[in-house]
Amino acid sequence: MNTVNPMKPSERMKLPRQASIEQIPEERNKNFLEVSSGLDEERALIEAKRCLECKNPVCIEGCPVTIDIRTFIQLIYQKDYIGAVNKIREANYLPAICGRVCPQETQCEIVCTLGKKHEPVAIGKLERFVADYEMARNLFVAPVITEHRDQKVAIVGSGPAGLTCAAELAKLGYKVTVFEALHAVGGVLRYGIPEFRLPRTILDLETDRIKSLGVEIYTNFVIGRTATIDELFNEWGFGAIFLGTGAGTPTFMGIPGESLSGVYSANEYLTRINLMKAYQFPEYDTPIKVGKEIAVIGGGNTAMDAVRTSLRLGARKAYLIYRRSRKEMPAREEEVHHAEEEGVEFVMLTNPVRIIGDANGWVTGIECQKMELGEPDESGRRKPIPIKGSEYVIPVQTVIEAVGQKPNPIIQSTTSGLDVSKRGTVVVNDAQMTSREGIFAGGDLARGGATVILAMRDGKIAAGNIHKYLLSKLDGKGNSKLNVDVKQEIKSI
Amino acid sequence: MFLILSKEILSPTITKYVIKAPYIAKKRKAGNFVMLRIIENGERIPITIVDSDLSAGTITLIVQAIGKTTKLLATKKVGEAILDVVGPLGVPTPIEFHGDVVCIGGGVGTAEVYPIARALKDAGNTIYSIVGARSKDLIILENEMSKLSKQSYVTTDDGSYGRKGIVTDQLKDILDSNKNIKAVYAIGPLPMMKAVSNLTKTYGVKTLVSLNAIMVDGTGMCGGCRVSIGGQMKFACVDGPEFDAHLVDFDELIMRNRTYIDLEKISDERCKRIEMADAVGGGR
Ligand SMILES: Cc1cc2nc3c(=O)[nH]c(=O)nc-3n(C[C@H](O)[C@H](O)[C@H](O)COP(=O)(O)OP(=O)(O)OC[C@H]3O[C@@H](n4cnc5c(N)ncnc54)[C@H](O)[C@@H]3O)c2cc1C
Ligand SMILES: Cc1cc2nc3c(=O)[nH]c(=O)nc-3n(C[C@H](O)[C@H](O)[C@H](O)COP(=O)(O)OP(=O)(O)OC[C@H]3O[C@@H](n4cnc5c(N)ncnc54)[C@H](O)[C@@H]3O)c2cc1C
Ligand code: SF4
Ligand code: FES
């Protein structure tokens, strides 16, 4: 395998891992501007020099979509930043997004050879650097679609799974229509992840790029309500359907006091703020109530986003209550670190048992119980056990529950022949195929809460298999055997 | 964009809109609602679909202007558009044959109960209707309701029209005189639905109400619309909005609906100031 960097490994190892340029915590916890502006060119070049150009680039195996990491870092070293971003794009259609939100510390960077003795190469920051470089200079060139096909594919949900599947199929020449229930595109990238981690300009740009491939997007369109899956096949004439409807239904803990005013699911809280822009009330009409003291329950990315958002909306004390210990928190390490820097108070090994309210139905506090770690459970994590008599009350006016989400059942309950698991996820095989012919699924809908990159991976694999499926439905003359010549549908949106 | 094709003022604060929305018109059933957002920085609010016309591809909404969003809607003219309309949402009303049924509408709730009354009538039920409001000018759909009813009644709190008093006074008379009433459908302000529910409980008559919880997405994604039904948490937008009245915790919902009262006032005041400024600024 070729190498491009003449430095000796020992020299490379002496270089320190480059840090992002970040807003200082005391300032950024009052605004919604992006926390990190990533690496500048100088830092990116130093970081690229650190890569050992391994004969066996294990980082690639760590990447869920097997980006050719080694090559793209070499291209950065050679200052071919556009070459680098295009190399990434061969495997990952949304590098500016993944460079910001992927948990690299548990994927490519955890296995990086350099990381055995030193700090791993900052692969995610390099990915972001080339994507931002291209964006800032407007150097993106849309792929040329060489072949056009008559068959139509419907994509349900415009999260990362749906958008990736749509882009891949459009590049193959299919007529692709995306249906999205909300008024805006992007799924969790739009309504969940806050602007200070993922500026919406990036999402808007990616959406425009996908539209420029000829993909049609219908917002305000709930499949299962506005039209059913059967209608998409029989009346609209779609040959195949990809379901990427995510896991958007919040679960609640089921403790007393959850109906008090001031209690939110993280989904409602973040949707009000991110999708509806309640942080700009009253310029935007949607209201939100954030107390001076708030508590978020949970230890994932959602909890981290909710708690950091609360500080930005004026909470003076923001507690993060989690029943296990800090090292068991599923959130990205970088976000936990950022939360800590911004002044979030971590209340670990603690379980809320009751939310307390006043006579007007408003939250005044949360009663918690201390926990200790017992034997490991099925997941291999040590199981938290309550300590008797350890109950105490934390005074707060807002409680946000970020304790998990499950798939929205609207489609599953209006579509026959779709196998659904006990957890409510849609069952798929390795080809992302569901139990019903012509229907594929992926992302959080098939996995339960997972990650952006896995959703994209599923979308991409599904696209490849939808292509195969539709090819198998062509007769000898290249005409589809599926019912495509149906009456023109009323179009008004 | 969803075009407003016609507009009719039903009372000083209540307006009927016919809106182009062909897909929704095609799928809509009695009891369904839409979520609408009028402008880019607007809120998403739920409104019941009162009627639909399949061939024209339209839906009909009847909206009372009570706050920022609904007042803004009232300023929209025929030919202008609403930014987002999504639906039909919610579980359609279970339309069964009961026999004799009472349908009660309080204020703008009459708009919501009217399509249900019509569907119940089509299913062979005999309809007794009560239309109630604070005063005469807030009474809507009186003729429409009376047309499909065997007997129809009007009540106003101030006695300016019909019987003076609240709908439960009339309901009690009906229940006392007709032992064959098998079901009651009541839609209106929460205190009214609560009073109806308390009354029918003593008569053991099955009662359905439509809960106006505060909604954000309307598709089961946020849990903001959660209500307690028989001690269980339900999401009004996907499990409802209609529920068995005798299982509803009305007091809890009344409290939850007050969550944003102070902020709603700010929005409303701001809306008025902008209107004033527009009026003074003239053509701008
Ligand atoms: C607050 C938060 C923070 C997160 N942070 C990270 C992170 O930092 N890194 C990371 O990798 N992952 C993160 N995740 C997880 C990640 O966002 C998800 O795994 C990913 O978005 C799943 O993508 P998806 O395409 O499957 O579904 P989603 O992104 O959920 O999109 C589904 C879309 O389908 C639409 N839809 C649903 N039902 C219908 C219907 N019936 N008809 C039409 N449309 C419908 C929804 O409105 C939605 O837009 C986070 C999740 C949350 C909630
Ligand atoms: C299923 C359902 C069907 C409805 N159908 C109709 C109808 O056919 N005609 C009609 O006139 N009204 C209907 N409503 C009520 C209507 O949604 C509210 O009047 C409207 O949201 C008020 O918004 P605003 O900004 O004008 O007023 P605001 O000043 O913001 O609010 C006034 C009151 O309306 C309620 N409200 C505010 N925001 C919301 C929200 N996002 N979701 C639900 N309620 C809210 C609150 O109780 C609040 O105190 C329905 C409500 C529900 C839940
Ligand atoms: S494992 Fe690390 S050092 Fe080796 S090629 Fe990958 S990024 Fe470079
Ligand atoms: S309005 Fe969000 S779940 Fe009902």
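Naming convention: chains lettered A, B, ... in sequence-line order (proteins, then strands); numbering from 1 in each chain. The basis for the numbers below is simple: all heavy atoms, side chains too, and nothing from hydrogens, waters or symmetry mates. Since the structure is predicted, the reported quantities are computational estimates derived from the model, not experimental observations.
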ask   = Should the pair A/E283-B/R270 be classified as a salt bridge under the 4.0 Å nitrogen-to-oxygen rule?
value = yes
request  = Over all heavy atoms of both residues, which pair between B/L263 and A/I288 is shortest? Give the atoms and the distance, please.
outcome  = CD1-O, 3.4 Å
inquiry  = Give the interface residues of residues 261-274 of chain A toward chain B, defined by a heavy-atom separation under 4.5 Å.
reply    = A/S261, A/V263, A/Y264, A/S265, A/N267, A/E268, A/T271, A/R272
request  = Check for a donor-acceptor pair, side chain of B/R256 on one end and backbone N or O of A/S259 on the other, with a separation under 3.5 Å.
outcome  = yes
Atom group of A/A359 that falls short of 4.5 Å from chain B, counting heavy atoms = backbone
message = At a heavy-atom distance under 4.5 Å, which candidate from B/E252, B/R226, B/M255 has the highest pair count against chain A?
response = B/R226
request  = Determine the option with the most heavy-atom pairs under 4.5 angstrom with chain A, choosing from B/D217, B/L253, B/V238, B/D262.
outcome  = B/D262
key: Exam field: side chain A/T226 to backbone B/I24, donor-acceptor pair closer than 3.5 Å   = no
query = Between B/T219, B/V216, B/L3, B/D84, which has the largest tally of heavy atom pairs under 4.5 Å with chain A?
reply = B/D84
Most contacts with chain B, counted as non-hydrogen pairs under 4.5 angstrom, among A/A181, A/G248, A/G361, A/G246 = A/G248
key: Neighbours of chain A found in residues 45-66 of chain B - heavy atoms under 4.5 Å   = none
request  = May I ask you to say whether B/K26 pairs ionically with A/E235, meaning some side-chain N is under 4.0 Å from a carboxylate O?
outcome  = yes
task = Answer yes when B/K27 and A/E231 have at least one side-chain N-carboxylate O distance shorter than 4.0 Å, and no when they do not.
result = yes
Smallest separation among heavy atoms of A/F281 and B/S267, with atom names = CE1-OG, 3.4 Å
